Amino acid sequence: MTVAQLKAKFPEDLINSLTESDDSILTVLLAEAETFINSIIAITDTTLKEIHETSYVIYRLYERHGFQEQAQAYYDRLMSALKKTTGTDAAAPSSQHYITAGTQVFTTTVMDKW
């Protein structure tokens, strides 16, 4: 994603206030975003990658200005989206088994097998 593409996604006055009208900040943050996201998952879908990169840049811009609540909200949103992209929010793998109450009685014989 380019700086111009990123800036087009936000109101001009907002992005200018968060960057002090310095596009080099966005260039650095976009590079950081790509490195961060690539360290977690290799994304081939450019649209999905742009969504994650945009969330990362917003998170870092808010953090940079001390807006911790907003930064944390965007960080949480980013991590949740990355988890969904990687599939870690999916159901437990078949190797994990859950025992529901009342379906098995643990007698001494059963416990000895364990």
Side-chain angles (χ1 to χ4, degrees):
M1 175 180 350
T2 66
V3 170
Q5 290 171 320
L6 180 66
K7 287 178 79 172
K9 296 181 181 199
F10 300 99
E12 188 176 343
D13 57 342
L14 174 65
I15 201 73
N16 285 339
S17 69
L18 290 173
T19 62
E20 292 93 28
S21 300
D22 184 4
D23 287 352
S24 66
I25 294 169
L26 293 177
T27 302
V28 169
L29 291 178
L30 279 173
E32 282 181 18
E34 187 169 354
T35 302
F36 178 79
I37 292 165
N38 287 338
S39 70
I40 296 172
I41 184 172
I43 300 175
T44 56
D45 183 349
T46 56
T47 304
L48 187 57
K49 189 173 184 177
E50 285 180 7
I51 291 168
H52 294 322
E53 287 176 351
T54 302
S55 291
Y56 180 89
V57 170
I58 295 169
Y59 146 64
R60 293 287 286 132
L61 284 172
Y62 279 135
E63 181 182 62
R64 182 175 178 271
H65 286 281
F67 300 124
Q68 293 306 316
E69 288 182 28
Q70 293 89 340
Q72 187 64 48
Y74 268 92
Y75 180 78
D76 292 345
R77 180 185 293 173
L78 171 65
M79 295 312 292
S80 176
L82 285 172
K83 285 178 184 177
K84 288 178 183 172
T85 301
T86 60
T88 56
D89 277 354
S94 60
S95 63
Q96 293 181 354
H97 301 283
Y98 295 98
I99 300 172
T100 57
T103 58
Q104 183 172 355
V105 177
F106 285 96
T107 62
T108 54
T109 307
V110 173
M111 291 303 287
D112 288 341
K113 290 180 183 178
W114 285 68

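None of these values were measured; they are calculated from a predicted model.
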Student: Apply side-chain hydrogen bond (donor to acceptor under 3.5 Å, both in side chains) to Asp22 and list each qualifying residue two or more places apart in sequence or on a separate chain.
Tutor: Ser24
Student: What pairs meet the ring-ring contact (aromatic ring centres under 6.0 Å, His included) rule with one or both residues in residues 14-34, with sequence neighbours excluded?
Tutor: none
Student: Please identify each residue that fulfils side-chain hydrogen bond (donor to acceptor under 3.5 Å, both in side chains) with Asn16, with sequence neighbours left out.
Tutor: none
Student: Once side chain to side chain contact (heavy atoms under 4.5 Å, CB included) is applied, do any residues pair with Thr46, and if so which ones, sequence neighbours excluded?
Tutor: none
Student: Scan for ring-ring contact (aromatic ring centres under 6.0 Å, His included) pairs involving residues 1-30, sequence neighbours excluded, and state none if there are none.
Tutor: none
Student: Nearest 0.5 Å, please: how far is CD1 in Ile40 from OG1 in Thr35?
Tutor: 11.5 Å
Student: Can you get from Leu6 to Ile51 by hopping between Ile, Leu, Val, Met, Phe, Trp and Tyr side chains that sit under 4.5 Å apart?
Tutor: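 Leu6 and Ile51: separate clusters.
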Student: Tyr74: which residues meet the ring pair (Phe, Tyr, Trp, His ring centres under 6.0 Å) condition with it, sequence neighbours left out?
Tutor: Tyr62
Student: Mind checking side chain to side chain contact (heavy atoms under 4.5 Å, CB included) for Glu32 and listing every partner two or more places apart, or none if nothing turns up?
Tutor: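 In terms of side chain to side chain contact (heavy atoms under 4.5 Å, CB included), with neighbours along the sequence ignored, Glu32 is linked to Val28, Leu29, Tyr56, Arg60.
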Student: To the closest 0.5 Å, what do you measure between CG (Leu61) and CD1 (Ile15)?
Tutor: 5.5 Å
Student: Which residues pass the side chain to side chain contact (heavy atoms under 4.5 Å, CB included) test with Glu50, not counting sequence neighbours?
Tutor: Met1, Gln5, Lys9
Student: Are the side chain of His52 and the backbone N or O of Leu82 linked by a donor-acceptor pair below 3.5 Å?
Tutor: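 Between the backbone of Leu82 and the side chain of His52 there is no qualifying donor-acceptor contact (under 3.5 Å).
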Student: Partners of Glu20 by salt bridge (charged side-chain N to carboxylate O under 4.0 Å, His left out), sequence neighbours excluded?
Tutor: Arg64
Student: Taking all atoms of both residues into account, what is the closest heavy-atom pair of Lys49 and Asn38, and its distance?
Tutor: NZ-OD1, 3.7 Å
Student: How would you list all residue pairs meeting salt bridge (charged side-chain N to carboxylate O under 4.0 Å, His left out) that involve residues 68-77, not counting sequence neighbours?
Tutor: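 For residues 68-77, and leaving out neighbouring residues, there are no salt bridge (charged side-chain N to carboxylate O under 4.0 Å, His left out) pairs at all.
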Student: About how many Å separate CD1 of Ile58 and CG of Leu18, when rounded to the nearest 0.5 Å?
Tutor: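 Here the rounded value is 9.0 Å.
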Student: State the CD-OH distance between Gln72 and Tyr59, to the nearest 0.5 angstrom.
Tutor: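 Reported value, rounded in 0.5 Å steps: 8.0 Å.
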Student: Taking only residues two or more places apart in sequence or in another chain, which ones pass side chain to side chain contact (heavy atoms under 4.5 Å, CB included) with Ser39?
Tutor: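 Partners of Ser39 under the side chain to side chain contact (heavy atoms under 4.5 Å, CB included) test: none.
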